[in-house]
Visitor: 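Quick one: this structure, given as structure tokens, is what I'll be asking you about.
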Amino acid sequence: MKLAVPSLGEGGLEAQRSGHFGHADCFTIVTIENGEITGTEIIDNPPHEEGGCMRPVGILADAGIDAIIAAGMGMRPMQGFAAAGITVLYDAETPLVGDVARRAAADELVAMGPEHACHH
């Protein structure tokens with residue numbers, strides 16, 4: 001599984017997660033195989049003004065991402081990820097990229113639903 005985690009700064013497993021996926025500095029892409037993290041890479045996130053909240057959907061779909069973890073997301077990008085075949089996982093508590101990726105690898109996260117959507 002290729003998992004995207006919205007990240008602050010330069011990204012990586014020790015980075016802080018971004019609270020708003022569309023305003024993340026980058027996405028740490030975590031490869032998970034057999035419940036273990038086997039690799040990481042970084043994909044830059046263009047400024048939010050360049051395509052708005054749907055821009056990351058296209059970037060991550062083009063990168064072959066299977067899932068993204070978010071603390072909240074508007075309905076429009078949530079539907080965009082669903083249409084692209086990318087599962088949106090919900091976690092609003094875990095602050096570090098590596099820790100939330102390990103939670104995803106252990107299958108501890110639930111799919112984000114409309115009740116988690118931001119309304120802005």
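One is the number of the first residue; the rest follow in order along the sequence. Just so you know, these numbers come straight off a predicted model, no measurement behind them.
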Visitor: Side-chain contact test, heavy atoms from C-beta onward, threshold under 4.5 Å: evaluate it for P56 versus N45 and give yes or no.
Guide: yes
Visitor: With L96, which of Q16, R102, R17 fulfils side chain to side chain contact (heavy atoms under 4.5 Å, CB included)?
Guide: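 Option passing the side chain to side chain contact (heavy atoms under 4.5 Å, CB included) with L96: Q16.
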Visitor: Is the shortest heavy-atom distance from the side chain of L3 to the side chain of I65 under 4.5 Å?
Guide: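 No; the side chains remain at least 4.5 Å from each other.
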Visitor: What's the spacing between N34 CG and M1 CE if we round to 0.5 Å?
Guide: 11.5 Å
Visitor: Grab the two heavy atoms, one from A67 and one from L89, that are nearest each other, plus how far apart they are.
Guide: CB-CD1, 4.2 Å
Visitor: Let me know which of I68, T28, V100 forms a side chain to side chain contact (heavy atoms under 4.5 Å, CB included) with P6.
Guide: I68
Visitor: Following the transitive rule for hydrophobic clusters with a side-chain heavy-atom cut-off under 4.5 Å over Ile, Leu, Val, Met, Phe, Trp and Tyr, establish whether Y90 and L109 coincide in one cluster.
Guide: no
Visitor: How long is the span from the NE2 atom in H23 to the CG atom in L8, to the nearest 0.5 Å?
Guide: 12.0 Å
Visitor: For a quick test of reading the model, state the closest non-hydrogen atom pair linking T31 to K2 and the distance between them.
Guide: OG1-CG, 4.3 Å
Visitor: Where is the tightest heavy-atom contact between G98 and I37, given as atom of each residue plus distance?
Guide: O-CD1, 4.3 Å
Visitor: Looking at every non-hydrogen atom in both residues, tell me the closest pair between M73 and A70 and how far apart they are.
Guide: CE-CB, 3.8 Å
Visitor: If every non-hydrogen atom of V97 is compared with every non-hydrogen atom of G12, which pair is closest and at what distance?
Guide: CB-O, 3.3 Å
Visitor: Please report the shortest heavy-atom distance between V57 and P77, naming the atom on each side.
Guide: CG2-O, 4.0 Å
Visitor: Transitively linked via ILVMFWY side-chain contacts under 4.5 Å: F81 with V5?
Guide: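 Per the 4.5 Å side-chain linkage, F81 and V5 are not co-clustered.
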Visitor: Are L13 and I29 grouped together when hydrophobic residues (ILVMFWY) are joined by side-chain heavy atoms under 4.5 angstrom apart?
Guide: no
Visitor: Is any side-chain heavy atom of S18 closer than 4.5 Å to one of D25?
Guide: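 Of all side-chain heavy-atom pairs linking S18 with D25, none is under 4.5 Å.
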Visitor: Does M75 belong to the same Ile/Leu/Val/Met/Phe/Trp/Tyr cluster as V110, with side-chain heavy atoms less than 4.5 Å apart forming each link?
Guide: yes
Visitor: Just wondering, are more than 12 heavy atoms of other shown residues or ligands nearer than 6.0 Å to CD in E108?
Guide: yes
Visitor: May I ask you to test the I69-T94 pair for a side-chain heavy-atom distance under 4.5 Å?
Guide: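 Result no, sub-4.5 Å side-chain heavy-atom pair not found.
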